[in-house]
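First up is the structure itself, then whatever we jot down about it.
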Amino acid sequence: MTTAPYIGRFAPTPSGHLHFGSLVAALASYLDARAVGGRWLLRMEDLDPPREEPGAQAAILKALQNYGFEWDGEMVRQSERHEAYDQVINRLLSQGLAYACTCSRKQLEPYQGIYPGLCRNAGHDTKDAAIRLRVPELAYHFNDRVQGPFRQHLGREVGDFVIRRRDGLYAYQLAVVLDDAWQGVTDIVRGADLLDSTPRQLYLQELLGLPHPRYLHVPLITQPDGHKLGKAYRSPALTADQATPLLLRALRALGQQPGPERVDASPRELLDWAIRHWDAGKIPRTLTLPEAQIR
Ligand code: GLU
Ligand code: ZN
């Protein structure tokens, strides 16, 4: 028996319930894995307890189950991985690749999100400070399976970025890279809002000697005002009674063409059909997709 080399994952943040946009991302990563006999893992990105919505973790699992998704192995929680994150941060600090930053939000306001390196050589104590990673004056690029070539100059477009916040919380950029490598993820399929995080993640992989996964960024589903769907824009939760119609709609958003006879299928039957017919080449090559445009 040969094991398929593909390992994919879905990595929701429990700051709210899943919505149609999350369904599109979950479905794409699930189908892309299962269509080649790959594994599909579930990871709860619960790095930020103050922003976690009570009950969201359970609601996410329930929604995935109601919509027919089955993941491999035990779900992993980032809240149980702090020791691993800490070890890497300490290593980066001792190698001089990361440093403590005491800049206030107010101080950084004029720089429009690109950290100007004020604390780079200040030698601040790490206590009560954010930890930033030094970035090289280099462009990082990769070829996204849907969005095509993407490049970003880390020095000019991002600047030294935070890997641990001043309040002690670990940053998404660090945790996602460590966990994807730790879980052996070969293929990252997620929303296009994370396209411009990818060069930072490529740099971290390079720095830590980790393999680069393949990337596929699906269009971000947007509201009429152009915003991402989410809690703030009152997108409805994925209720069990809507599973078949919403799965059909998510499939169409991904360019797949389930026939009209599928309206009576169960979620599981629909997913099985979609695995057999999955064609990532049909995903619209666009960063955003207004929800109203999807039939
Ligand atoms: N936790 C992130 C989110 O919910 C996704 C992280 C990823 O897929 O890399 O937006
Ligand atoms: Zn600083």
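On a predicted model such as this, the values are computed, not experimentally measured, just so you know. Every number for a ligand or one of its atoms is a count from 1 in the order of the listing.
- Rounding to the nearest 0.5 Å places CD of Q256 at 13.0 Å from CG of L247.
- When heavy-atom distances to ligand 1 are checked against a 4.0 Å cut-off, V176 comes that close only through its side chain, counted from C-beta outward.
- Looking at ligand 1, you won't find any N or O of D193 less than 3.5 Å from one of its N or O atoms.
- In this structure, Q201 CD and L178 CG are separated by 10.5 Å, a value rounded to the nearest 0.5 Å.
- Put simply, the angle at the Zn ion (ligand 2) from OH in Y115 to SG in C119 is close to 110°, to the nearest 10°.
- Of all the listed residues (R43, Q201, H217, R9), R9 holds the heavy atom that lies closest to atom 8 (O) of ligand 1.
- For residue C101, an N/O/S atom approaches the Zn ion (ligand 2) to within less than 2.8 Å.
- Ion pairing between E70 and R34 fails under the 4.0 Å rule for side-chain N and carboxylate O.
- When hydrogens are left out, the protein atom nearest atom 5 (C) of ligand 1 is A11 O, 3.4 Å; that is the closest non-hydrogen contact.
- In this structure, I60 and M44 have side chains that are in contact, with non-hydrogen atoms separated by less than 4.5 Å.
- Considering all non-hydrogen atoms of both residues, G68 and R268 come closest at O-NH1, 2.7 Å.
- Within 6.0 Å of CD in Q95 there are more than 12 heavy atoms belonging to other residues, nucleotides or ligands.
- Residue L194 has no nitrogen or oxygen atom sitting less than 3.5 Å from a nitrogen or oxygen atom of ligand 1, judged on distance alone.
- Scanning the protein for heavy atoms near atom 4 (O) of ligand 1, the closest one is T13 OG1, 3.1 Å.
- Note on ligand 1: Y172 sits in its first shell, one or more heavy atoms being nearer than 4.0 Å.
- The only member of L216, D32, V189 that meets side-chain contact (heavy atoms from CB on, under 4.5 Å) when paired with I283 is L216.
- Numbered from 1 in the order shown, with element, the atoms of ligand 1 that lie under 4.0 Å from a heavy atom of E45 read 1 (N), 2 (C), 5 (C), 6 (C).
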